[in-house]
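Below is one structure; the comments refer to it alone.
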Amino acid sequence: MALLFRLAGRQILRSQNDGLYKFVRPVTLQPSQYVEPAKEGHDERNMKLGRPQSPHLTIYKPQLTSMLSISHRTTGIILAGYAMMFGAAAVGLECPLEYYIEQLQCAEVGPACLFGMKFTLAFPLTYHFWNGIRHLLWDSGRFLSIKEVYLTGWSMLAVAIASAIVLSSC
Amino acid sequence: MFCTMQRYFSKEPPKKEDKKEPPPPKPKMKRFKIYRFNPEGNQNVKKHYMQEYTVNLNECGPMVLDALEKIKSEHDCTLTFRRSCREGICGSCGMNINGVNSLACITKIKTKGKTKIYPLPHMYVIKDLVVDFTRFLDQHRRIRPYLIKNEDKFDEGQEYFLQSIKDREKLDGHIECILCACCSTSCPEYWWHGHSNPPKDFLGPAALLNAYRYIIDSRDSGTASRLDQLRNYYSVYRCHQINNCTNCCPKKLKPGKAIAHLRLFLAGLKKKPKPEMGGTIKSDPEKGVRGNDCTTKKSKC
């Protein structure tokens, strides 16, 4: 039976050599110029696919490493603010700054309040100073194992607070 | 001897202890809050959300990956994450667990409280905990993570570069990187500057650690070109020594230190020492003996 069919099929193909082959194989291959696929940036591609950005700053655990770094930057900004503030005050105010300091001393606001004001002025300075030294040490390629980073971090904080207290109590 | 024989042949049944079986331990239920995102969802629902699962820790392995596997097999088979070796060597299962990047397979489950699991921070999410590594791997490709040799006469596949034991030891602590991207995605500077225009972007701790590894390799002779490639505003200098990378590295490597030393190299304060050994050796000792006339002469002598 199979032989019969095979023979019959072969016969059909042979007899209609032009017709059937053309019918089952209508593909013609033509050479064409290579078109480079459009280059797509990483961000564009992902945005097109509607992929969300995974959460970052809001979910990452605040650790000593990152917290000391961000506060170094903050104290830097605060110090710049102080410098600009006092500079502008020296230019804009009618009397020299010493006059206002004397006024403040005469106002008798209490030692605790005075200490607090001095501390807010002194702490950014001491913190930025001591952490800056820590960064200088890092730049020389030392104290960069995680144990040393934590050790220098805590001791820097202690020294910064202590020196700020000393500065603001005298 | 006799004693053991006696014990062996005596057919006394072991004494039965009339103790009750200990009561089954109380189920230790632990809640996991996991980031979910389904790219194939309905356009209106195509949003990420947090889903909570409760797992009995008594029936679960000690690691976070075990819990994820359990959730996937018993609670929700649609939960998607990468995993492979389950022993911290493949670097597939990097994710943010309780706010810190780590490998799920080597992070123990904390018994107290809720454990929050997010994908690696500031990456595009493909699905659930799977993120797009394209840019990260492209940055690794750009630092040319292979030996560059100036000399042309080298029989590839047939020869080894010689390196002294001392020079090889310098590479310890740099070659163990498994590219899990935990360090790079923990770095705030990489979040903000990692995606600027490709030749001028912050490469991130992982790529820079690998760059440093090839710069200090005594067999590599492309140091100058490697350093020149990094000499721009972004590649290295966006690092502000936050040290989140060193803090979270699952292999306990120090990318922060590598970057600091890279800067010393770039500033010219550190120079690459001369290699203790140079040249090559035949990779097949048999062939080396046969092909080399000197050795045959020596053996004749």
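Numbered from 1 within each chain, the chains take letters A, B, ... in sequence-line order.
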If you apply the rule side-chain hydrogen bond (donor to acceptor under 3.5 Å, both in side chains), what do you find for B/N244 with A/Y60, and how did you get there?
CA-CA 10 Å; B/N244 264 6; A/Y60 209 89; 4.9 Å; no

With chain B as the partner chain, list the residues of [range] whose heavy atoms fall under 4.5 Å from it, by residue number, and write 'none' if nothing qualifies.
| range | answer |
| --- | --- |
| residues 122-140 of chain A | A/H135, A/W138, A/D139, A/S140 |
| residues 144-165 of chain A | A/L144, A/S145, A/I146, A/V149, A/Y150 |
| residues 62-81 of chain A | A/Q63, A/T65, A/S66, A/S69, A/R73 |

Quick check against the 3.5 Å criterion: does A/S54 have a side-chain atom that pairs as donor or acceptor with the backbone of B/M123?
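Checking the backbone N and O of B/M123 against the side chain of A/S54, a donor-acceptor pair under 3.5 Å is found.
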
Neighbours of chain A found in residues 175-190 of chain B - heavy atoms under 4.5 Å
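Residues B/S186, B/E189 are the ones that qualify, each having a heavy atom under 4.5 Å from chain A.
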
Minimum heavy-atom distance between B/F37 and A/G50, given as atom pair plus value
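B/F37 and A/G50 have their closest heavy atoms at CZ-O, 3.7 Å.
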
Do [X] and [Y] make a side-chain contact, defined as non-hydrogen atoms from C-beta onward lying under 4.5 Å apart?
| X | Y | answer |
| --- | --- | --- |
| A/H42 | B/H195 | no |
| B/V100 | A/K61 | yes |
| A/Q53 | B/V125 | no |

Kindly compute the distance separating [atom1] ([X]) from [atom2] ([Y]), expressed to the nearest 0.5 Å.
| X | Y | atom1 | atom2 | value |
| --- | --- | --- | --- | --- |
| A/I59 | B/K116 | CD1 | NZ | 9.5 Å |
| B/K257 | A/F143 | NZ | CZ | 10.5 Å |
| A/L57 | B/W192 | CG | CH2 | 4.5 Å |
| A/L49 | B/Y124 | CG | OH | 11.0 Å |

Sort [X] into side chain, backbone, both or neither according to what part of it lies under 4.5 angstrom from a heavy atom of chain A.
| X | answer |
| --- | --- |
| B/R135 | both |
| B/N96 | side chain |
| B/H240 | both |
| B/L120 | backbone |
| B/N101 | both |
| B/C245 | neither |

So for atom [atom1], which belongs to [X], do other residues, nucleotides or ligands contribute more than 12 heavy atoms lying within a distance under 6.0 Å?
| X | atom1 | result |
| --- | --- | --- |
| A/Y99 | OH | no |
| B/K251 | NZ | yes |
| B/K254 | NZ | no |
| B/Y233 | OH | no |

Identify which of B/T246, B/I259, B/N98, B/I126 forms the greatest number of heavy-atom pairs closer than 4.5 Å to chain A.
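Result: the option with the highest number of such pairs is B/I126.
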
